[in-house]
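Working notes for the structure below.
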Amino acid sequence: MHFDLFTLGVIGAAIGIAISMSFTLLGLVLRGLPALRIWAIAFWVLTAAAFAQGLNEDGSMLSTIVGGGMIALANALMLMGIAIHLRYPLRWRWPMAVVGLFLANQISVYLSPPSQTVSALMFGAYSVVWDLWMIWVLLWRSPRDMRNTCGFTALIFAIDAVFYLLRSVVVLFPERFASTALDDLLTTWNYLFGILSSFLLSTGFTLMLAERLTLDLRRLAHTDGLTGLLNRGALIEAGLRLVDACRARGQACCVLMFDLDNFKAINDGWGHAAGDAVLNHFVEVIRDTGLAQGALFARYGGEEFVLVLPAIDPAHAGAMAERMCAAVAARPALFHGRPINITTSVGGAAAVDANFEQLVSAADVALYRAKRQGRNQVAWNPGGAVASVVP
Ligand SMILES: Nc1nc2c(ncn2[C@@H]2O[C@H](COP(=O)(O)OP(=O)(O)OP(=O)(O)O)[C@@H](O)[C@H]2O)c(=O)[nH]1
């Protein structure tokens with residue numbers, strides 16, 4: 001099968017326009033994804049560059065400066081899209097500086113054209129620099145939970161880099177490689193490879209977007225919107241696993257249930273916004289007391305919070321609960337610069353041989369006792385003995 005350059009150019013243009021259109025339309029539907037908009041622009045610029053270079057290949061100003069410059073710009077946009085998507089703080093000035101350097105280089109190439117070998121080597125080296133930069137951000141600056149799709153996209157850039165490296169080798173050693181199978185393959189595949197890699201890149205970016213949206217949705221489903229803590233559903237899911245794992249190792253687990261005292265009065269007296277501020281303040285105070293690694297801290301309901309402390313000595317858990325209760329009472333919340341005094345009641349349960357649900361319901365019973373006994377205190381179930389086994 002043999003395609004002439006014109007046919008390949010038409011196929012390339014059609015695919016370039018199709019990819020750019022689909023990214024633009026996707027951007028109209030999925031709002032709030034800046035990377036998607038940047039990638040859409042990058043694909044349009046890349047398509048326009050292919051047009052500029054396809055119109056005249058033999059070193060014209062349109063091909064060398066405009067076409068070359070647009071390819072550089074498309075690379076910079078892709079890189080910035082990746083960085084923004086991964087929330088890696090890369091400044092625009094760095095990729096743009098490389099674009100500027102390349103443009104200056106292309107102007108000098110246009111004014112005094114070097115040999116074809118030098119020109120091919122320069123372009124190859126430049127492409128490899130972009131590829132390596134993107135691979136580095138994708139593999140070393142991506143969050144762990146996005147590594148799969150980033151790995152796929154990095155693989156496409158790696159294949160692109162290998163392609164340009166092989167071409168450079170062929171150009172550097174013409175006496176060894178000219179008219180060999182490798183030379184034929186690289187020449188025949190030059191255009192097809194460009195088309196294929198654009199298509200695969202668009203697939204890689206789409207997969208990255210899909211993964212980000214899925215992760216964000218999952219995170220939202222597990223997070224309390226006000227405090228950013230785990231919500232009740234997520235606590236139950238993680239708590240069941242955590243307590244079962246502790247139990248299997250024969251270690252004690254502790255559940256502390258907090259309920260802010262007279263919170264309705266704060267809402268009624270200060271307003272709902274102040275109530276929200278108090279809830280966030282409470283979370284901050286508990287965190288500041290130093291949560292152990294592996295602890296689960298969640299918002300259980302309105303002004304109820306649960307802390308699960310795995311593999312903890314019950315006496316230590318008891319001391320922690322007292323410290324937290326005292327810290328909340330000692331640190332008023334500030335609302336518009338005015339202090340709001342708060343206290344919390346705490347119900348605790350610790351056991352080696354109870355499951356999560358049993359610990360939570362025992363802590364709940366203890367919490368009600370703490371409320372009945374006058375609030376601003378810690379109560380344990382049963383009967384105040386921290387180390388007792390919950391039925
Ligand atoms: N500001 C704010 N208030 C909330 C939120 N969720 C629940 N509440 C309020 O929390 C209050 C809980 O009141 P109650 O259950 O009577 O408890 P309480 O006033 O703390 O009394 P005790 O628990 O007996 O000390 C209600 O007024 C709810 O409207 C929230 O997200 N923000």
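Positions are given from 1 along the sequence. As the structure lists them, so they are numbered: ligands from 1, and atoms in each ligand from 1.
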Any pair with a residue in residues 317-341 that passes salt bridge (Lys or Arg N to Asp or Glu O under 4.0 Å), sequence neighbours left out, goes on the list, sorted by first then second residue, please. E284-R331, D288-R331
Using a strict cut-off of less than 4.0 Å between a Lys/Arg side-chain nitrogen and an Asp/Glu carboxylate oxygen, indicate whether D216 and R219 qualify as a salt bridge.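 Salt bridge: yes.
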Are K371 and D261 within salt-bridge range, i.e. N to O under 4.0 Å?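 The answer is yes: the pair qualifies as a salt bridge.
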Among protein heavy atoms, which lies nearest [atom], and at what distance?
atom: atom 3 (N) of ligand 1; answer: N267 ND2, 2.8 Å
atom: atom 30 (C) of ligand 1; answer: R299 NH2, 3.4 Å
atom: atom 13 (O) of ligand 1; answer: K264 CB, 3.6 Å
atom: atom 32 (N) of ligand 1; answer: D276 OD1, 2.7 Å
atom: atom 22 (P) of ligand 1; answer: K371 NZ, 3.5 Å
atom: atom 18 (P) of ligand 1; answer: F263 N, 3.4 Å
atom: atom 24 (O) of ligand 1; answer: R375 NH2, 2.8 Å
atom: atom 6 (N) of ligand 1; answer: G302 CA, 3.3 Å

Under the side-chain contact (heavy atoms from CB on, under 4.5 Å) rule, what do V308 and F356 come out as? Steps first, then yes or no, please. CA-CA 9 Å; V308 185; F356 177 68; 3.8 Å; yes
Quick one: which ligand 1 atoms are inside 4.0 Å of a heavy atom on [X]?
X: G275; result: 1 (N)
X: D259; result: 23 (O)
X: L260; result: 20 (O), 23 (O), 25 (O)
X: L279; result: 30 (C), 31 (O), 32 (N)

Would you check if L256 and F305 make a side-chain contact, meaning some heavy-atom pair closer than 4.5 Å? no
Quick check: do N75 and F102 have side-chain heavy atoms less than 4.5 Å from each other? no
With only distance considered, is A265 within less than 3.5 Å of ligand 1 through an N or O on each side?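 The answer is no, given that A265 and ligand 1 share no N or O pair closer than 3.5 Å.
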Do we see a donor-acceptor contact under 3.5 Å between the side chains of D259 and S345?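 The answer is no; no qualifying pair exists.
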Determine whether the side chain, the backbone, both or neither of D268 has a heavy atom under 4.0 Å from any heavy atom of ligand 1. neither
Heavy-atom distances under 4.0 Å decide this one: backbone, side chain, both or neither, for V278 against ligand 1?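 It is neither part, as no heavy atom is under 4.0 Å.
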Does anything in residues 233-266 pair up under ring-ring contact (aromatic ring centres under 6.0 Å, His included), and if so which pairs, sequence neighbours excluded?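 Qualifying pairs: F258-F282.
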If you measure from each heavy atom of R372 to ligand 1, is any distance below 4.0 Å?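 Outside the 4.0 Å threshold, so no.
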Has the side chain of D224 got a donor or acceptor atom that lies under 3.5 Å from a matching backbone atom of T227? yes
Taking the ring centre of each residue, are W133 and W130 less than 6.0 Å apart? yes
